[in-house]
There are 2 protein chains.
Amino acid sequence: MSKDTLPGLTLCNNAVLRRATRKLGQFYDDVVAPSGLKATQQGLLYQIHIGDEPAMGAIAAALVMDLSALGHTLKPLIRDGYVETFTDPDDRRIKRVRLTPQGSVKLDEAMKLWRVAQQRFEDMVGKEQAAMLRAALDDIAALDFGIPPAAP
Amino acid sequence: MSKDTLPGLTLCNNAVLRRATRKLGQFYDDVVAPSGLKATQQGLLYQIHIGDEPAMGAIAAALVMDLSALGHTLKPLIRDGYVETFTDPDDRRIKRVRLTPQGSVKLDEAMKLWRVAQQRFEDMVGKEQAAMLRAALDDIAALDFGIPPAAP
DNA sequence: CGCAAACAGTGGCATATGCCACTAATTGAA
DNA sequence: TTCAATTAGTGGCATATGCCACTGTTTGCG
């Protein structure tokens, strides 16, 4: 064999997960790139699309992502005119997000490419295997690791 | 049900993978935090540790990570004195990496915490399930998506 | 009503990652 | 030997993510 570079960390669930994410991320990024979007951005636009002018907090929760991280990630999309935000009139703490017309067009464009990536990936690992993997990963994302704060 | 916030992107292999990575990353980070390291840094130190003064390229390959990204990630560890680099005398293009004494100590400290995280995680999802998941993720990291360049 | 606690975001700072252009070293011919 | 092609890293720029400290809003008492 010629590609057993360094074995090792293959035991850390977190490390292995990150490694796979880098690899798959590069693949989806490559395929979606012609649209000018990163795979993460395409996913975010999609998440916004399927929501009904979702609040930032709702999006962050759905993506299991830090609220401030979402805010940062949203900036380039706002700057490029794909997304816009507005304060919820019923609760001015809440800021809702929606796609602009250009954003919708861009999402359509990216989704076409995404389907190609998705298909290619599933052709390689098998549709069932992919579904099982997603289920397992969904479970992880839904795990409830203990209580960070204290219980007074 | 009360927590079905937004469904959706659960079909994109890449998005689901990233989401799980964020979640698990936060968990491992939290547990390893007392050492002052991020889980990614602990993993990187470990990778260096198990290698024999590995070259940067070898580490990057093992982690399926961009070489420049590795360089960037290494900087804070070098700055904090946990890692040092040196040019390979037989090929001065190559820069090798090794842990400093403090780096070894710090890694030991972090590994103790890592074991706790690893154990807690496997207690939750099951040792077998975790092993299967790692295997599946390893396969993904090893996938060979077509040829980016052309074949002249 | 009035104010403290809880909630939703923002901004700043730091790490994690990638891509690209560029430099330094080697290698492989001609 | 000499020079083009290849290899290994670096630096700059941009996105991806997190945590923390703060600000503006609401909500819930007393």
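Chain naming here is simple, since letters A, B, ... match the order of the sequence lines and numbering starts at 1 in each. Remember, it's a predicted structure, so these values are computed and weren't measured experimentally.
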request  = Mind running side chain to side chain donor-acceptor pair (under 3.5 Å) on A/Q26 and A/D30 for me, showing each step along the way?
outcome  = CA-CA 6 Å; A/Q26 272 179 270; A/D30 282 348; 5.8 Å; no
A/Q42 CD - D/dT15 P separation (whole Å) = 17 Å
ask   = Rounded to the nearest Å, what distance is computed from the CD1 atom of residue B/I59 to the C1' atom of nucleotide D/dA8?
value = 13 Å
message = Less than 3.5 Å apart, any donor N or O on the side chain of A/N13 or B/E122 sitting next to an acceptor on the other?
response = yes
ask   = Where the side chain of A/I94 is defined as all heavy atoms beyond and including C-beta, which of C/dG9, C/dA25, D/dT10 is the nearest nucleotide?
value = C/dG9
Options D/dT15, C/dT10, D/dC13, nucleotide nearest the side-chain atoms of B/H72 = D/dC13
task = Please confirm whether A/R98 makes a cation-pi placement over A/F86, using NZ or CZ under 6.0 Å from the six-membered ring centre and within 45° of the ring normal.
result = yes
inquiry  = If the cut-off is 4.0 Å, is A/R92 near the phosphate of C/dG9, judged by side-chain N/O to OP1 or OP2?
reply    = no
message = Please pick, from D/dT15, D/dT10, C/dG18, the nucleotide with the shortest atom-to-atom distance to any side-chain atom of B/A69.
response = C/dG18
For atom CG of B/L24 and atom C1' of D/dT17, their distance in whole Å = 15 Å
ask   = For DNA chain D, whose closest nucleotide is more 5', that of A/A39 or that of A/S68?
value = A/A39
remark   = Considering only heavy side-chain atoms of A/K75, the closest of C/dG11, D/dT17, D/dC19 is C/dG11
query = Nearest of C/dA25, C/dG18, D/dA16 to any side-chain atom of A/R22?
reply = C/dG18
message = Tell me whether A/R96 contacts the main-chain N or O of A/P54 through its side chain, where contact means a donor paired with an acceptor under 3.5 Å.
response = no
inquiry  = How many whole angstroms separate atom CG of A/L67 from atom C1' of C/dG11?
reply    = 12 Å
query = Considering only side-chain heavy atoms of B/M56, which listed nucleotide, D/dT10, C/dA24, C/dT17, is closest?
reply = D/dT10
request  = May I have the distance from B/R96 (atom CZ) to D/dA8 (atom P), rounded to whole angstrom?
outcome  = 11 Å
request  = Among the candidates C/dC19, C/dT17, D/dT25, find the nucleotide nearest to the side-chain atoms of B/D66.
outcome  = C/dC19
query = Taking the inter-plane angle between the rings of A/F145 and B/F27 on a 0 to 90° scale, is it parallel (under 30°), tilted (30 to 60°) or perpendicular (over 60°)?
reply = parallel
task = Mind calculating the distance between NZ (A/K95) and C1' (D/dT23) to the nearest angstrom?
result = 13 Å
query = Do A/Y82 and A/Q41 get their side chains close enough for a donor-acceptor pair, meaning under 3.5 Å?
reply = no
message = Between P on C/dG18 and CD on A/Q26, what's the gap in Å once rounded to a whole number?
response = 5 Å
key: A/R93, nearest nucleotide to its side chain (from D/dG24, C/dG18, C/dA25)   = D/dG24
query = Quick one: A/M65 CE to D/dT15 C1', roughly how many Å, whole number?
reply = 11 Å
key: Candidate nucleotides D/dG18, D/dA16, D/dG11, ranked by approach to the side chain of A/K38 - the nearest   = D/dA16
ask   = Between B/L74 and A/A55, which has a closest nucleotide on DNA chain C that is more 5'?
value = A/A55
task = Tell me which of B/L70 and B/D80 sits closer to the 5' end of DNA chain C, going by the nucleotide each one is nearest to.
result = B/D80
